[in-house]
Amino acid sequence: MRPFTLLVKPTGPDCNLDCDYCFYLKKAALYPASKRHIMPDAVLHQLIKSYFETKQPVYTIGWQGGEPTLLGKEFFERVIELEKRYARPGFTIGNGLQTNCTLLTNDFANFLFHNKFLVGASLDGPAYLHNTYRLNKERAKSHTRVLEGIKHLQNNQVEFNILVLVNKANVIQPKEVYRYLLRKGFKHLQFIPCVEFDTQGNPQPFTISAEEWGNFLCKIFDLWYGEDMYTISIREFDDILNVIVDNRVTACTKGKDCCQYLLVEHNGDVYPCDFFVEKGLKIGNIMENSWEEMQTSQKYHDFGKNKLTVNSTCTSCSFAYICNGDCLKHRMYADNPPDTLSWLCNGHNQGLKKFFTHTHDRFEKLADIIRRKRETEAKRAMRKD
């Protein structure tokens with residue numbers, strides 16, 4: 001078995017918000033028997049026990065939704081209790097929590113700090129941009145409550161990053177979004193493109209184009225490159241540098257296959273990816289199947305191999321080694337085959353291609369700085385020895 005991480009949906013698609021662009025809310029249709037989707041203790045117990053029986057260099061679990069904090073601090077206290085019960089000496093365990101932050105309290109944040117959770121906080125920029133799509137079920141704005149939750153994280157010194165979903169509202173204002181996040185003191189940022197389609201394969205109103213995504217990334221990079229590159233971490237840029245410097249993939253979207261992790265739904269159903277939680281792609285259930293059985297299943301590997309079935313345009317692209325054709329979500333929408341060119345790259349000088357062309361020389365300079373720094377540190381270490 002190759003090492004793998006888990007992405008767990010303990011509340012399934014349930015959320016206290018009703019964001020217009022959320023792709024996961026509609027997954028409730030897969031589980032119509034229940035109005036609420038809550039992971040039973042027996043499933044949680046089996047999840048952790050069986051995962052810790054596998055051999056991993058690091059045991060990594062990302063808790064996501066929907067909104068996982070709907071289950072309260074008590075659920076995650078149970079998580080820690082089970083992890084301590086089944087962790088053997090030498091285990092390294094990493095828990096991540098992706099949240100809209102609106103349900104966080106000071107007590108909850110204090111728990112997250114003491115148990116070393118890494119938190120992803122969803123925030124789409126200043127209020128007038130964030131509140132365009134991130135509303136609750138009564139259509140009330142969420143920005144103020146999000147900031148209150150983030151404040152609890154800050155007050156309790158919880159490690160967190162800001163996740164910005166780049167949509168039709170904020171994609172045209174990269175400078176405003178970036179400067180706002182920096183004014184708030186946020187130093188770890190992640191920008192995710194909003195790409196969703198209706199059942200006929202038409203882009204939803206909040207979906208961004210390749211041109212918009214390329215322009216956004218170029219502007220963010222230009223703002224960041226210089227002084228900010230030493231103090232601000234941007235996940236997309238870190239991932240690219242990891243590929244250039246170490247030939248190491250740290251984002252599944254840049255991998256050569258899509259067998260990077262397993263997604264576990266609230267009832268134990270397992271899927272290859274949270275973007276592909278579909279009946280035909282279910283590969284098992286943790287109450288019935290072993291991790292080895294699911295990870296080595298033909299269905300899982302057939303899905304994963306789709307990543308390398310790239311468009312002919314990609315095979316001649318000098319930047320293909322960085323993105324490997326981009327995420328399957330941006331290729332296999334509307335029943336497209338896997339060799340469809342990414343929605344976010346038209347293969348010419350738009351989208352991802354424009355961004356890589358615009359930034360590649362500067363990424364290479366940064367890579368050289370990293371290499372020289374490592375050489376200097378290695379020489380110092382040798383002299384000390």
Side-chain angles (χ1 to χ4, degrees), residues 7-28 36-39 61-76 79 95-113 115 117-156 158-170 177 180-181 184-186 188-196 204 206 235 263 265-266 274-275 277:
L7 181 59
V8 183
K9 306 269 190 178
T11 59
D14 295 356
C15 189
N16 61 314
L17 297 185
D18 192 18
C19 302
D20 294 337
Y21 53 47
C22 182
F23 73 94
Y24 211 78
L25 293 176
K26 63 185 178 183
K27 300 302 179 184
R36 290 195 65 195
H37 305 90
I38 299 173
M39 180 170 282
I61 305 178
W63 304 93
Q64 203 181 79
E67 178 49 48
T69 62
L70 281 170
L71 296 178
K73 178 168 69 79
E74 295 74 21
F75 175 83
F76 293 98
V79 167
N95 285 295
L97 175 68
Q98 183 61 46
T99 174
N100 61 38
C101 294
T102 61
L103 300 177
L104 291 180
T105 63
N106 187 71
D107 186 45
F108 204 152
N110 185 259
F111 164 83
L112 295 173
F113 168 74
N115 290 283
F117 276 71
L118 175 62
V119 176
S122 297
L123 177 67
D124 289 350
Y128 73 98
L129 295 175
H130 174 94
N131 288 330
T132 304
Y133 299 116
R134 296 191 67 81
L135 308 172
N136 68 15
K137 299 182 189 304
E138 289 73 41
R139 311 311 289 164
K141 301 171 181 177
S142 66
H143 188 265
T144 299
R145 290 185 62 189
V146 171
L147 289 187
E148 289 172 355
I150 292 175
K151 193 66 177 177
H152 289 311
L153 297 176
Q154 292 174 313
N155 289 342
N156 286 277
V158 178
E159 288 191 41
F160 70 95
N161 60 60
I162 297 295
L163 189 152
V164 178
L165 191 66
V166 182
N167 53 71
K168 273 294 187 189
N170 58 15
V177 171
Y180 170 80
L181 298 176
K184 288 292 183 182
F186 305 141
H188 296 84
L189 313 178
Q190 186 173 0
F191 298 100
I192 304 293
C194 182
V195 178
E196 302 295 336
Q204 296 278 21
F206 32 75
R235 174 68 186 273
L263 178 133
E265 251 291 343
H266 71 288
D274 62 332
F275 293 138
V277 175

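Just so you know, these numbers use all the heavy atoms, side chains as well, and skip hydrogens, waters and symmetry mates.
Take Asp14 and apply the side-chain hydrogen bond (donor to acceptor under 3.5 Å, both in side chains) test, not counting sequence neighbours, and it matches His37. In this structure, the salt bridge (Lys or Arg N to Asp or Glu O under 4.0 Å) partners of Arg235, at least two apart in sequence or on a different chain, are Asp239. Glu196 pairs by the salt bridge (Lys or Arg N to Asp or Glu O under 4.0 Å) definition with Lys329, not counting sequence neighbours. Remark: Lys168 engages Glu212 in a salt bridge (Lys or Arg N to Asp or Glu O under 4.0 Å) (not counting sequence neighbours). With sequence neighbours left out, the ring pair (Phe, Tyr, Trp, His ring centres under 6.0 Å) criterion links Phe23 to Phe275. Phe108 meets the ring pair (Phe, Tyr, Trp, His ring centres under 6.0 Å) test with no other residue; sequence neighbours excluded. Shown here are the side-chain hydrogen bond (donor to acceptor under 3.5 Å, both in side chains) partners of Thr99, two or more places apart in sequence or in another chain: Glu67. Legend: residues meeting side-chain hydrogen bond (donor to acceptor under 3.5 Å, both in side chains) with Asn131, ordered by chain and number and at least two apart, are absent. Taking the ring pair (Phe, Tyr, Trp, His ring centres under 6.0 Å) definition, one finds that His130 meets it with His143, sequence neighbours left out. Partners of Asp20 under the side-chain hydrogen bond (donor to acceptor under 3.5 Å, both in side chains) rule, at least two apart in sequence or in another chain, are Arg139. Under the ring pair (Phe, Tyr, Trp, His ring centres under 6.0 Å) criterion, His188 pairs with no residue at all, not counting sequence neighbours.
Applying the salt bridge (charged side-chain N to carboxylate O under 4.0 Å, His left out) test to every pair with at least one member in residues 101-111, sequence neighbours left out, gives these pairs: Lys73-Asp107.
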